[in-house]
> 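Just passing along the structure, written as structure tokens.
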Amino acid sequence: MRWSAAFIPTLRDAPADAEAASHKLLVRGGFIRQLHAGHYSLLPLGLRVHEKVAQVVREEIDAIGGQEFLLPAMHPASLWKQTGRWDVMGDEMFRLQDRGGADLALGMTHEEVFSHIATSLHSYKELPQLWYQIQMKFRDEPRPKSGLLRVREFAMKDSYSFDIDDEGLDRAFEAHHGAYIKIFDRLGLTAMPVQASSGAMGGSASVEFMVASPAGEDDVLVCGSCGYRANVERGTSRLDPVDSSPSDEVPERFATPGVRTIAELEDIDGGAVAVNQIKTMVMVLDGEVALALLRGDHQLNLQKLQDCSGAVEIRPATSEETFASLGAHPGSLGAVGVTGLRVLCDLALEGRTGMVTGANEDDWHLRGVSMGRDIAVDAWVDMREVQSGEACVDCGSVLEVVRCIEAGHIFKLGRKYADAMGISVLDADGKAQIPTMGSYGIGIGRAVAAIAENHHDDAGLCWPLAVAPYHVLITILDLDDQEAAALANEAEIAFTRAGLDVLVDDRAARPGVKFADAELIGVPYRLTIGGRSLSKGQVEFTPRETGTTEMLERTSCIEVILDTLLASQ
RNA sequence: CGGGCUGUGGCGCAGUUUGGUUAGCGCACUGGUCUGGGGGACCAGGGGUCGGAGGUUCAAAUCCUCUCAGCCCGACCA
């Protein structure tokens with residue numbers, strides 16, 4: 001490709017509203033353009049990277065026996081009603097109607113459609129099956145952000161496994177686990193598998209593949225010592241022991257005028273340190289007011305609450321709802337003597353005595369509260385969010401919280417969808433069996449952004465060879481120089497013949513412009529042909545990553561570069 | 001959904017407080033001259049009606065009302 005004829009609209013300035021490095025650089029480098037919030041056009045350069053990422057993913061899923069499909073992006077509502085997700089998905093699903101008034105949806109995932117196809121499986125002999133596609137998903141994200149990192153329309157590799165038994169599902173899950181490790185490694189991403197919440201997908205196990213990046217949106221607990229890795233939506237920690245010896249104390253009201261926060265209650269006369277307080281949070285779970293109790297110094301994690309409560313829709317109660325339920329305002333709430341409300345209590349409070357909590361009367365608190373005796377707890381659950389510095393649940397070392405991009409997610413779904421969709425095969429005994437499913441996703445565009453986040457410097461992008469839009473950039477400095485033109489031509493032909501993607505910068509621009517653009521778009525290797533070196537019979541070879549230039553002999557440069565590139569592929 | 005911010009040529013911005021000539025600057029773009037190894041200089045150009053609608057006024061980018069869009073934080077989110 002000759003740059004002079006290519007559409008590579010580089011910009012000197014990033015759009016003012018771009019924050020993330022990948023967003024800025026992908027726009028500046030002429031890879032993407034925003035159409036509107038959450039919808040991006042891939043320009044030729046961006047598409048090249050996108051396709052290369054997709055190809056790596058395709059090869060590795062093929063390698064574990066995946067069969068590629070391409071399913072419709074638009075689905076009939078009936079399909080989604082069959083699994084109940086027409087209602088469950090809520091506002092996140094794009095919905096529309098055809099001319100006849102029939103309800104349709106734009107697919108946000110494809111369990112339903114693949115399951116629909118899987119109803120034509122009839123025998124255990126046809127299992128296992130591993131099906132996948134690379135296709136557009138549509139999700140009406142409340143807040144698209146950071147360029148390609150969070151969008152409303154994106155290509156996803158989604159695969160689905162169908163097995164007769166749990167052992168089969170385990171094998172499919174492990175196969176994906178291994179494939180994902182290879183994929184992210186080939187993409188130049190350091191991805192760590194972490195224990196994750198299955199969220200609305202349900203199912204028995206789920207592992208996320210996380211790439212550390214400040215541009216990410218997930219927090220992961222990382223133990224540097226034993227390798228424990230878990231999303232904060234799932235992970236836990238080992239707490240320092242606290243005194244919880246049985247106590248004869250009975251709850252006693254005491255005045256706390258003006259006290260509304262944990263910190264204020266620590267300071268007031270007769271109060272208690274946060275560890276000895278009960279934090280009472282009023283939440284609305286699927287329309288029903290419930291109490292979530294935590295130790296005073298702990299934070300609630302909503303995803304954990306959702307997972308342990310089974311509720312689909314969760315929100316904090318309004319202060320009106322709170323007052324109507326408990327008769328007091330936030331800051332004076334407690335669960336002592338409360339009946340008729342579901343009370344969920346964090347495990348960290350189990351067996352605690354001598355606690356301080358709100359009295360459900362503004363400006364009054366209770367002390368001497370014993371958990372089991374004074375509070376009617378419906379369920380003991382893990383719903384606190386682990387903070388950085390807490391002790392690893394497995395080995396006791398210090399946990400670190402690392403900000404990450406979720407690059408992949410694999411789920412064991414079990415039989416929920418297969419059952420709902422009516423998939424059934426006969427086993428060896430002639431008995432009908434419902435297959436068990438797994439589902440496995442990688443967002444292609446998000447992977448592109450994650451790579452950009454992790455492979456760039458001040459001058460621009462720095463693509464790993466495997467996903468670079470072009471492998472080599474031949475920069476001609478003096479367009480009038482016949483010898484330079486001839487050499488560039490010769491090199492382009494030789495590189496292309498060797499299977500490399502070559503971009504030749506033959507623009508009538510000054511060297512500074514060409515160098516700056518070269519670094520911005522991040523082609524891994526640059527061959528610079530300029531009069532100054534050429535007069536000495538030399539050319540320059542510069543890997544983008546190091547930026548250090550090596551002088552090569554004009555006569556042998558093509559060979560040397562080919563050796564270098566083919567060796568590093 | 002709550003909070004904050006922003007909409008002026010392709011990109012980045014000034015002008016809005018205090019309404020008043022043909023709406024300005026940098027980059028990019030076109031033609032030219034010089035230059036020629038890190039976004040060069042000069043000359044000459046083209047392109048916007050100021051997110052949209054309504055209103056106030058002799059006069060609106062500027063004031064008022066409504067509305068749309070985008071970004072950030074939070075909530076939410078397979």
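Since we're looking at a predicted model, the values are computed, not measured. Labels below follow one simple rule: chain letters A, B, ... track the order of the sequence lines, proteins then strands, and each chain is numbered from 1.
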> What integer number of Å spans the C1' atoms of B:G52 and B:A14?
23 Å

> If you look at every strand shown and take non-hydrogen atoms under 4.0 Å, does A:Arg526 touch a base, only sugar-phosphate, or nothing?
base

> Sort out the partner of B:G36 for me: Watson-Crick or G-U wobble, both distances under 3.5 Å, none otherwise.
none

> Would you name the heavy atoms of A:Val49 and A:Pro469 that are closest together and state the gap between them?
CG2-CD, 3.6 Å

> Identify whether any heavy atom of A:Glu111 sits under 4.0 Å from a base atom; if not, whether one sits that close to sugar-phosphate; answer base, sugar-phosphate or nothing.
base

> Can you tell me the distance, in whole Å, between the CD atom of A:Gln299 and the C1' atom of B:G74?
14 Å

> For residues A:Lys145 and A:His23, determine if any side-chain heavy atom of one lies less than 4.5 Å from a side-chain heavy atom of the other.
no

> Which atom names give the shortest non-hydrogen contact between A:Ile405 and A:Gly216, and what distance separates them?
CG1-CA, 3.5 Å

> Rounding to a whole Å, what distance do you find between A:Leu479:CG and B:G37:P?
13 Å

> Would you mind classifying the nucleic acid contact of A:Arg28 as base, sugar-phosphate or nothing, using non-hydrogen atoms under 4.0 angstrom?
base

> Could you tell me how far apart A:Phe515 (CZ) and B:G40 (P) are, to the nearest whole angstrom?
14 Å

> Please report the distance separating the P of B:C64 from the corresponding atom of B:U18, rounded so that it comes out in whole Å.
10 Å

> Would you state whether a donor and an acceptor, one from the side chain of A:Arg510 and one from the base of B:G36, lie under 3.5 Å apart?
no

> Would you call A:His176 and A:Ile61 a side-chain contact if the rule is heavy atoms closer than 4.5 Å?
yes

> In whole angstrom, give me the gap between the P atoms of B:G7 and B:C13.
9 Å

> Considering only the C1' atoms, how many Å lie between B:A59 and B:G19, rounded to the nearest integer?
8 Å

> Which part of the nucleic acid does A:Ser533 contact within heavy-atom distance under 4.0 Å: base, sugar-phosphate only, or nothing?
base

> A:Glu406 side chain to A:Phe209 main-chain N or O, any donor-acceptor pair under 3.5 Å?
no

> Need the pair for B:A44. Rule: Watson-Crick or G-U wobble, both distances under 3.5 Å, any strand; none if unpaired.
B:U30

> Using whole Å, what does the distance between atom P of nucleotide B:G36 and atom CD1 of A:Ile529 come to?
22 Å

> Can you check nucleotides 69-71 of chain B for protein contacts, nitrogen or oxygen pairs under 3.5 Å, and list what you find?
unit_1 : atom_1 : unit_2  : atom_2 : d
B:G70  : OP1    : A:Ala37 : N      : 3.1
B:G70  : O2'    : A:Asp17 : OD2    : 3.2
B:C71  : OP1    : A:Gln34 : NE2    : 3.0
B:C71  : O3'    : A:Asp17 : O      : 3.4
B:C71  : O2'    : A:Asp17 : O      : 3.4

> Does A:His456 reach the main-chain N or O of A:Ala452 with its side chain, forming a donor-acceptor pair under 3.5 Å?
yes

> With both distances under 3.5 Å as the test, what is the Watson-Crick or G-U wobble partner of B:C66?
B:G52

> In whole Å, I'd like the distance from the CG atom of A:Leu25 to the P atom of B:C11.
18 Å

> Pick base, sugar-phosphate or nothing for A:Gly531, based on heavy-atom distances below 4.0 Å to the nucleic acid.
base

> Work out how far the C1' atom of B:U16 is from that of B:G20, and round it to whole angstrom.
14 Å

> Is B:G74 paired to anything, Watson-Crick or G-U wobble with both distances less than 3.5 Å, and if yes, which nucleotide?
B:C1

> For nucleotides B:G24 and B:U8, find the distance between their C1' atoms and express it as a whole number of Å.
10 Å

> Which atoms form the tightest heavy-atom contact between A:Val284 and A:Glu321, and what is the distance?
CG2-OE1, 3.6 Å

> Could you give the distance separating B:U33 and B:G9 at their P atoms, to the nearest angstrom?
33 Å

> Who is the Watson-Crick or G-U wobble partner of B:G9, with both distances under 3.5 Å?
none

> Relative to the 5' end of RNA chain B, which residue comes earlier, A:Thr549 or A:Glu217, by the nucleotide with the nearest heavy atom?
A:Thr549

> Would you mind reading off the distance between A:Glu141 atom CD and B:C1 atom C1', rounded to a whole angstrom?
15 Å

> Write down the distance between CG (A:Leu527) and P (B:G37), rounded to a whole number of angstrom.
18 Å

> Taking atom P of B:C1 as reference, at what distance in whole Å does atom CG of A:Asp91 sit?
9 Å

> Does any donor atom in the side chain of A:Gln133 or A:Asp158 lie under 3.5 Å from an acceptor atom in the other side chain?
yes

> How about A:Lys24 and A:Ser22: does a side-chain donor come under 3.5 Å of a side-chain acceptor?
no

> Please tell me which of A:Pro15 and A:Thr10 maps to the more 5' nucleotide of RNA chain B, matching each residue to the nucleotide holding its nearest heavy atom.
A:Pro15

> When the C1' atoms of B:G32 and B:G15 are compared, how many Å lie between them, rounded to an integer?
33 Å

